[in-house]
Novice: 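Structure in structure tokens, see below.
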Amino acid sequence: MNITPTTRMPSPTTSSPSTEPVVRVSGLRKTYGDKVAVADVSFEVRPGEILGILGQNGAGKTTTVEAVAGLRTADAGTVSVLGIDPQHDPAPVREVLGVQLQESRLPGKLRVAEALRLYASFYADPREPEDLITLLGLQEKRDTAYDDLSGGQKQRLSIALALVGNPRVAILDELTTGLDPQARRETWDLIEAVRDSGVTILLVTHFMDEAQRLCDRVIIIDDGRVVAEGPPAELARQGRTGVTFRMTLNEPLEDVEVLRELPSVTDLTSADATTTVTAQHRRTDSGTLLEVTGGPTVLPDVIIALHSRGIVPDEVQTISPSLEDAFVALVGHPSEEDPS
Amino acid sequence: MTAATLSPPRSRTGTRGLSALIAAEAKLFLRDPGNLFFVVFFPTVLLIGMGYAIPGMREPITDLPEPWLGLRAVDLFAPLMLCVAAATGGLTTVAAYLAGYRETGVLRRMATTPMRPQGVLSAQILVQLAGVAVGGALSLLVASLVFGTPMPQNPLLALVVFLLAVAAMFSIGVLIGGLAPKGATASGIGMLIYFPMLFVAGLWTPGPLMPDAVEKVATFTPLGAASQAMNDAWFGLGMPWLQLAVMAVWAVVVFVIATRTFRWEV
């Protein structure tokens, strides 16, 4: 991925890298009639990071970023983008903030290169549209009308339009929804490249894998409030108490209870490997599948206990804690479940 | 907060790129065959169709007093086509475009850039106006070349009537486009108003052929007033103050309502 650094607008951070937040949201509240979309949300986005905003549909993510973009007037709380309040002074914020919103299409007959040139003309110091066409791999589609693009190409054009103003902050809302796995991975690579070119990114998503892969930090919003904040790996560890691993034994284990009594084991399930496990284990005709959770020493403890009985596990797989688990623990539902 | 603060140049924010936006909307207009047909060619097609398909249209009128005596029925349609052009642009395409732009998020995306969504509106209306002007001019040209229809005796008045008619029709279009949730809905509502408008304008009973009772009511509709005033300009029948006032009131009142009720968000 080749990124040509372009000259940026007033760049006060070049002399001394600043750690002042680029975006600061404090006590944000927004209601629509009786419905509270955002109850109380506060967070900061630091320069050069990708901050993920996670939550279920209807949790208040989009309303939050719309307030940051100055598209919504908050009922309470303060928002600042590079020191400017988009609620009261949106015009200068629009110059430095690129926004990719879900459900925003373009006129169907507008072509890729035309759209980029048109949007570039709105900004004081735009990026070169041709560079973005290259960056987003849209060279072959430059003269294709918007309606004739695939979902992934539309999404890439949408990202390009969010970047064409040479923004210092970009808001990307649900950018891989509806993309196939290949297109998602390509989009992720692209976002990392954009961040590496110096753009601070606010990423709204309900995909845990996307957040875990891309975000330096995430906040989880539930019911209009921030319920957790931190690096994805850290949140994932908090969501799980201890270590979990699975092992297959190529012989039936009669005295499972012996393992259960080990002090470091907190949870143990066993099953007949031939009936319950996945294809990769099925070659074991009369084995046992164990899933064990426990304290930090649980893995060696179990191995030693088995070894003293002359049993060597066929296969051991430790289960990495996932953000999904943390999310379920915090919010009480899987991330992709629609609460309605 | 000094390190991360910046104050970009504020000048021209909101109008920067407006000419590019107008050019883009013009291109999009030309790429839409529906626009080209209805806004630019429909009045002309209608005129030619009337002139050739309906028997007797090109026979001199013998049973009406001056100034109609000696004209042909098809001549009565030439001024009417300018009104048809205004109504077609305002009620069908303007309404559908604006609602469609909101429905598909074009306005919302624009709202995130330094360009204002009002800029898209202005560009779109400007382009449609140009389309209506070309469509009206084309129908006049064809009326003159094909049927030898006389041109207006009072061209200045005809121009004023045309502008007021366009203003009234476009205001209604903006009102519909601002309220209808979808492009298709706006199109449907526009059509529901379009045909009664054509009726009161006299498409089926042009000029002096309209029954008196209908004509009295039609005077207070925007396109009926436009059509009557256009006839006065064409055939030198005096100054249609009432009709001019009716059009102006429609244009202003509806436009004010449209700007107050326009929904930018889905």
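Each chain gets a letter, A, B and so on, in the order its sequence line appears, and its residues count up from 1. Atom set for the values below is all heavy atoms of this structure, side chains included, hydrogens, waters and symmetry mates excluded.
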Novice: Answer whether the closest heavy-atom distance between the side chains of A:Glu66 and B:Arg108 falls below 4.5 Å.
Specialist: yes
Novice: Residue by residue, which of residues 20-28 of chain B have a heavy atom closer than 4.5 Å to a heavy atom belonging to chain A?
Specialist: B:Ala20, B:Leu21, B:Ala24, B:Lys27, B:Leu28
Novice: Name all residues meeting the ring-ring contact (aromatic ring centres under 6.0 Å, His included) criterion together with B:Phe170; count only those two or more places apart in sequence or in a different chain, and write none if there are none.
Specialist: none
Novice: Under 4.5 Å, counting heavy-atom pairs only, tell me which of A:Gly108, A:Ser121, A:Ser104 racks up the most with chain B.
Specialist: A:Ser104
Novice: Taking only residues two or more places apart in sequence, or in another chain, which ones meet A:Arg46 in a salt bridge (Lys or Arg N to Asp or Glu O under 4.0 Å)?
Specialist: none
Novice: List in chain and number order the residues that pass side chain to side chain contact (heavy atoms under 4.5 Å, CB included) with B:Ser187, two or more places apart in sequence or in another chain; answer none if no residue qualifies.
Specialist: B:Ala96
Novice: Rounded to the nearest 0.5 Å, what separation is found between the OH atom of A:Tyr119 and the OG1 atom of B:Thr113?
Specialist: 6.5 Å
Novice: Does B:Phe262 have more than 12 heavy atoms from other residues, nucleotides or ligands lying within 6.0 Å of its CZ?
Specialist: yes
Novice: Evaluate the salt bridge (charged side-chain N to carboxylate O under 4.0 Å, His left out) criterion for residues A:Glu103 and B:Arg109: first the C-alpha distance (whole Å), next the side-chain angles of each, then the deciding distance (0.1 Å), finally the verdict.
Specialist: CA-CA 9 Å; A:Glu103 307 285 319; B:Arg109 187 195 296 275; over 6 Å; no
Novice: Would you give the length of the straight line joining atom CZ of A:Arg94 to atom CE of B:Met110, rounded to the nearest 0.5 angstrom?
Specialist: 12.5 Å
Novice: Return the CG to OH distance between A:Leu106 and B:Tyr101, rounded to the nearest 0.5 Å.
Specialist: 9.5 Å
Novice: Looking at every non-hydrogen atom in both residues, tell me the closest pair between B:Arg16 and A:Ala124 and how far apart they are.
Specialist: NH1-N, 3.0 Å
